[in-house]
Amino acid sequence: MPELAGRIAIVTGAGSGIGRAIAHRFAGAGAAVVAADLNLAAAEETATKFSEQIVPHQVDVTDEPSVQRLVQATLERFGQIDILVNNAGIGTTKDIVETDLEEWERVFAVNVRGVFLCCKHALPSMLARRHGVIVNMGSVAGLIGLPQRAAYCASKGAVVTLTKQIAVAYVKQGIRCNCICPGTVDTPWVERLVAQVPDPEAARRALEARQPMGRLVLPEEVAAAALYLASDDAAAITGSILVIDGGWMAQ
Ligand code: NAI
């Protein structure tokens, strides 16, 4: 029996990169997946694979009514939510002095308020069934200070501690909540990042060299970890931080 047979999952940011890989991996493991993204066309593109199981949905995770509609639509269609993956996220490449307040607020709105709102509105139906798994997408940037990532580091640090708070708050009520902290993952995000500098190839090589394995992490490798944490194989795991970074944090 596939690991997620009969399970209903919401994956945010499922129109690209890591979120798309998670949606595909979960569907491959038997789940029905609501692929939620700000960019509906991108979510629809995700759903061209496993089209029987993946339902695209437009959401802005920073907007409470939009998140409520996502949860409502999922419950109306499937009757339950077993898994919530809070993956939608954005970044900036600035230190604190150069960061505008507006940019700071935007990063926190997507990366922190988005996780709060999705958990707040998905949890009641999970609690009613005393069953639910949340996987939050953190980052190594939530564990250490990285140059030029002021807002991003702070926001992902908040995701890491919110994960632990959710884990302890609801552990007796059948809810598990864990966080994945990837290093640099080969997604459109990284393509955009390296395209900003005069020598994108050199920038990419520098990102690869930062990780002791000498390569970027693959989105599918993060998706495999999300599948594990969402599955019953991880039934004893809550409040954990799983680092997937080619050895970067071990140094
Ligand atoms: P990506 O930029 O390829 O995909 C992010 C997706 O989130 C996009 O489809 C975008 O439309 C969606 N999104 C953005 N704002 C949204 C909103 N307000 N509501 C709903 N959806 C929204 O990014 P990638 O690389 O796949 O990253 C996914 C997650 O993984 C993020 O949380 C990121 O911080 C985290 N991460 C990424 C790493 C990397 O190296 N790519 C490393 C560590 C963490």
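Because the structure is predicted, anything quoted here is derived from the model rather than measured. Counting starts at 1 for both ligands and their atoms, in listed order.
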Straight-line distance of T92 OG1 to E98 CD, nearest 0.5 Å: 10.5 Å
Nearest atoms (heavy-atom pairs only) where V160 meets L143: CG2-CD2, 4.2 Å
Side chain S240, main chain I237, donor-acceptor under 3.5 Å: no
Please tabulate, one line per pair, the protein nitrogen or oxygen atoms found under 3.5 angstrom from a nitrogen or oxygen of ligand 1, with distances to 0.1 Å, or say none if there are no such pairs.
from     : atom 1 : to   : atom 2 : distance (Å)
ligand 1 : 2 (O)  : R192 : NH2    : 2.8
ligand 1 : 3 (O)  : S16  : OG     : 2.6
ligand 1 : 9 (O)  : D37  : OD1    : 3.3
ligand 1 : 9 (O)  : D37  : OD2    : 2.6
ligand 1 : 11 (O) : D37  : OD1    : 2.5
ligand 1 : 18 (N) : D60  : OD1    : 3.0
ligand 1 : 19 (N) : V59  : O      : 3.4
ligand 1 : 19 (N) : V61  : N      : 3.0
ligand 1 : 21 (N) : L38  : N      : 3.2
ligand 1 : 25 (O) : T187 : OG1    : 2.6
ligand 1 : 26 (O) : I18  : N      : 2.8
ligand 1 : 32 (O) : N87  : O      : 2.8
ligand 1 : 32 (O) : K156 : NZ     : 2.9
ligand 1 : 34 (O) : Y152 : OH     : 2.6
ligand 1 : 34 (O) : K156 : NZ     : 3.1
ligand 1 : 40 (O) : V185 : N      : 2.7
ligand 1 : 41 (N) : V185 : O      : 3.3
ligand 1 : 41 (N) : T187 : OG1    : 3.3

Residues R149 and T93: side-chain donor-acceptor under 3.5 angstrom: no
Residues T163, N136; criterion side chain to side chain donor-acceptor pair (under 3.5 Å); working and verdict: CA-CA 7 Å; T163 298; N136 292 329; 3.0 Å; yes
Closest approach of P2 to G30 (non-hydrogen atoms, all atoms of both residues): CB-N, 4.2 Å
